[in-house]
Amino acid sequence: MKTQSALLLVILFALVVAVFAVINVDPVKVNYVFGQSEWPLILVIIVSVLMGGLISGLLSLFRTIGLKRQNNVLIHQIEKLKEELHDLKAERRGNTPADQVKRIAPDGQ
């Protein structure tokens with residue numbers, strides 16, 4: 001359901017941008033660092049939207065990669081702690097015979 005909603009929003013956004021771009025077809029002057037040229041406003045709008053989407057997509061990709069790495073490190077730490085806990089439990093069982101273990105009642109007595 002979440003992906004369907006996101007897809008519908010993307011389609012709606014693309015439709016709004018397309019209608020807005022088609023309405024604005026007049027030529028505009030675009031200034032670069034090294035020069036200037038005249039482009040139709042429709043191309044300026046579409047290129048700007050595509051560049052914005054590309055940049056935000058790349059940023060989210062880098063964030064996802066970082067979070068996956070962090071997740072893998074944490075999973076590795078959990079596994080090491082589980083092994084350590086298992087070893088400590090086995091060591092405790094091995095050193096303390098069952099008849100010497102003092103049981104404590106739930107109320108602490």
Side-chain angles (χ1 to χ4, degrees):
M1 184 70 180
K2 184 179 178 180
T3 55
Q4 291 174 347
S5 299
L7 181 63
L8 287 176
L9 286 175
V10 167
I11 290 172
L12 180 66
F13 180 72
L15 185 64
V16 168
V17 168
V19 168
F20 183 74
V22 169
I23 292 172
N24 295 295
V25 292
D26 297 331
V28 293
K29 193 179 293 187
V30 179
N31 293 317
Y32 306 106
V33 175
F34 50 85
Q36 64 182 10
S37 65
E38 242 181 62
W39 284 27
L41 186 56
I42 187 171
L43 289 179
V44 174
I45 293 170
I46 290 175
V47 168
S48 298
V49 168
L50 291 176
M51 290 297 289
L54 181 67
I55 290 170
S56 64
L58 286 174
L59 288 176
S60 70
L61 178 68
F62 290 137
R63 177 160 170 79
T64 302
I65 290 170
L67 289 174
K68 282 185 179 182
R69 283 186 182 161
Q70 183 181 11
N71 191 27
N72 288 337
V73 167
L74 293 174
I75 287 172
H76 183 68
Q77 285 178 351
I78 288 171
E79 292 300 322
K80 283 177 63 176
L81 289 172
K82 282 181 181 179
E83 288 175 10
E84 184 179 340
L85 179 62
H86 182 267
D87 292 343
L88 289 172
K89 284 183 178 180
E91 180 181 314
R92 183 173 179 202
R93 276 188 235 129
N95 290 341
T96 309
D99 56 346
Q100 293 180 358
V101 174
K102 180 180 176 185
R103 302 232 178 240
I104 299 176
D107 60 355
Q109 296 178 352

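Along the sequence shown, the residues carry numbers beginning at 1. Atom set for the values below is all heavy atoms of this structure, side chains included, hydrogens, waters and symmetry mates excluded.
- From Glu91, atom CD reaches atom CD of Glu84 across 10.5 Å, with rounding to the nearest 0.5 Å.
- For Ile23, the side-chain contact (heavy atoms from CB on, under 4.5 Å) partners two or more places apart in sequence, or in a different chain, are Val19.
- Follow the hydrophobic side-chain contacts under 4.5 Å out from Val10 and you never reach Phe20; the two are in separate clusters.
- Listed by chain and residue number, Ile11 satisfy the side-chain contact (heavy atoms from CB on, under 4.5 Å) test with Leu7 (two or more places apart in sequence, or in another chain).
- Under a 4.5 Å side-chain heavy-atom cut-off, the cluster of Ile, Leu, Val, Met, Phe, Trp and Tyr residues that includes Leu59 is completed by Ile55.
- Membership of an apolar cluster is not assigned to Ile78, as no side-chain contact below 4.5 Å to another ILVMFWY residue is traced.
- Other members of a hydrophobic cluster containing Leu85 are absent, since no ILVMFWY side chain comes under 4.5 Å of it, directly or through relayed contacts.
- Residue pairs that meet the ring pair (Phe, Tyr, Trp, His ring centres under 6.0 Å) test with at least one member in residues 56-90, sequence neighbours left out, do not exist here.
- Gln4 meets the side-chain contact (heavy atoms from CB on, under 4.5 Å) test with Met1; sequence neighbours excluded.
- The side-chain hydrogen bond (donor to acceptor under 3.5 Å, both in side chains) pairs that include a residue from residues 49-64 number zero, where partners must be two or more places apart or lie in different chains.
- For Ile65, the side-chain contact (heavy atoms from CB on, under 4.5 Å) test picks out Leu61, Arg69, with sequence neighbours left out.
- Within the 4.5 Å cutoff, side-chain heavy atoms of Leu67 are placed close to those of Gln70.
- Among pairs with a residue in residues 27-50, those fulfilling side-chain hydrogen bond (donor to acceptor under 3.5 Å, both in side chains) read Tyr32-Ser37, Tyr32-Trp39, Ser37-Trp39, at least two apart in sequence or across chains.
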